[in-house]
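These notes concern the structure reproduced below.
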Amino acid sequence: MSIIHHLEEDILLDHAAGTLAEGFSLAVATHLAICPACRERYAMIEGTGGALLEDIEPAPDTDASWQSLRTRIADAPLPTAKPARRGSAGGSAPILPEPLRSYVGSDVDAIRWKAMPGAAQFIIQTRDGRAVARLLRIPAGKPVPEHTHRGMEMTLVLSGAFSDEDGTFTRGDIEIADGSLTHQPVATDDADCICLAVTEAPLKFKSWIVRLFQPVLGI
Ligand SMILES: [Zn+2]
């Protein structure tokens, strides 16, 4: 299936300007690694915006996180247009593209998942701490607890698929939600859904049991 949920122009601009929190920039960079269409749009933005941006002094607090992401991206191998290994017995393309794989430290098969209500999670360390980035593994056919948002939430599907009020999201699709959206993503029946979820403030869960455990879970 091809990607149908892409990045908006303003997010691409913020990414180019380096004003996004590191976690959100990681989600954008990972979508760009998977999505040739947005890569093309982003290249145009960088090309036309580059001259303008040179005249703007970036804010000091965002500069550090952007430099940190830039360094990691520069160190990471470039995303390849085709899977590195294909056709050979047992060979398969990695589920986590760069720069995400370097942040996680491995591909998904080596992740030490931690239990949370309705799903498993792996917290990804970022240097600026302005947003929390995590990998979520939602069991096939299961929902994650219904919630709204206090700030922006980006969810990028890496494997499997989920559906919510905004449609169905498969590998590469990215959903950007805010306080106006209450949603309950449900993984499709065929496979577990693994996604990168980035939030800038704790989620607001409907269930008091989940709320009780929020401080422990860091969600
Ligand atoms: Zn795209």
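For the single chain, residues carry numbers from 1 onward in sequence order.
- For the pair Thr155/Leu196, no side-chain contact is recorded, criterion being any heavy-atom separation below 4.5 Å from C-beta on.
- Applying the ring-ring contact (aromatic ring centres under 6.0 Å, His included) test to every pair with at least one member in residues 154-174, sequence neighbours left out, gives these pairs: His5-Phe169, Phe162-Phe169.
- For the pair Ser106/Arg101, no side-chain contact is recorded, criterion being any heavy-atom separation below 4.5 Å from C-beta on.
- Summarising the geometry of Ala187 relative to Pro139, their closest heavy-atom pair is CB-O, 3.3 Å, with the distance given to 0.1 Å.
- Partners of Ile4 according to the side chain to side chain contact (heavy atoms under 4.5 Å, CB included) rule, which considers only residues two or more places apart in sequence or in another chain, are Asp173.
- For the pair His6 and Ala37, the tightest heavy-atom approach, listed with the atom from each and the gap, is CE1-CB, 4.2 Å.
- In this structure, the side chain of Arg171 engages the main chain of Leu158 through a donor-acceptor pair within 3.5 Å.
- With a 4.5 Å cut-off on side-chain heavy atoms, Met154 and Ile174 count as touching.
- A donor-acceptor pair under 3.5 Å is absent between the side-chain atoms of Glu153 and the main chain of Ala177, judged by distance alone.
- To the nearest 0.5 Å, atoms CD1 (Ile194) and CD1 (Ile111) are separated by 6.5 Å.
- Side-chain contact between Leu26 and Leu100: present, with at least one pair of heavy atoms (C-beta onward) separated by less than 4.5 Å.
- Across every non-hydrogen atom of Thr170 and Ser2, the tightest pair is OG1-O, 4.2 Å.
- Counting heavy atoms from C-beta outward, Ser159 and Ile95 have side chains that approach closer than 4.5 Å.
- Note that the SG atom of Cys195 and the CZ atom of Arg134 stand 10.5 Å from one another [nearest 0.5 Å].
- Summarising the geometry of Ile3 relative to Cys35, their closest heavy-atom pair is CD1-CB, 3.7 Å, with the distance given to 0.1 Å.
- Every pair passing salt bridge (charged side-chain N to carboxylate O under 4.0 Å, His left out) that includes a residue from residues 184-196 is listed here, sequence neighbours excluded: Arg137-Asp192.
- The minimum heavy-atom distance linking Pro143 with Gln184 is given by the pair CB-NE2, 3.8 Å.
- For Phe24, there are no ring-ring contact (aromatic ring centres under 6.0 Å, His included) partners, not counting sequence neighbours.
- Taking CG of Leu32 as the start and CZ of Arg39 as the end, the distance is 8.0 Å to the nearest 0.5 Å.
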Is there a side-chain contact (heavy atoms from CB on, under 4.5 Å) between Val157 and Cys193? Walk through the geometry before answering.
CA-CA 7 Å; Val157 175; Cys193 178; 4.2 Å; yes
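- Side chain of Glu22 to main chain of Arg127: a donor-acceptor pair is present (N/O by atom type, distance under 3.5 Å, no hydrogens or angles).
- Within the 3.5 Å criterion, the main-chain N or O of Ser102 finds a donor-acceptor partner in the side chain of Glu98.
- Between Ile123 and Lys114, every side-chain heavy-atom pair lies at or beyond the 4.5 Å cut-off.
- Checked against side-chain hydrogen bond (donor to acceptor under 3.5 Å, both in side chains), Asp14 has no partners two or more places apart in sequence or in another chain.
- Note: Tyr42 OH to Ile11 CD1 = 12.0 Å, rounded to the nearest 0.5 Å.
- Side-chain contact between Trp113 and Leu135: present, with at least one pair of heavy atoms (C-beta onward) separated by less than 4.5 Å.
- No donor-acceptor pair closer than 3.5 Å links the side chain of Asp178 to the backbone N or O of Gly151.
- Applying the side-chain hydrogen bond (donor to acceptor under 3.5 Å, both in side chains) rule to Glu9 yields the partners Arg41; only residues at least two apart in sequence or on another chain are considered.
- Between Asp107 and Pro94, the shortest heavy-atom contact is OD2-CA, 3.1 Å.
- Remark: side-chain polar atoms of Asp128 are paired, donor with acceptor, to backbone N or O of Arg130 under 3.5 angstrom.
- Rounding to the nearest 0.5 angstrom, the gap separating the CG atom in Leu13 from the CD atom in Glu8 is 11.5 Å.
- The side-chain heavy atoms of Val186 and Asp164, taken from C-beta on, include no pair separated by under 4.5 Å.
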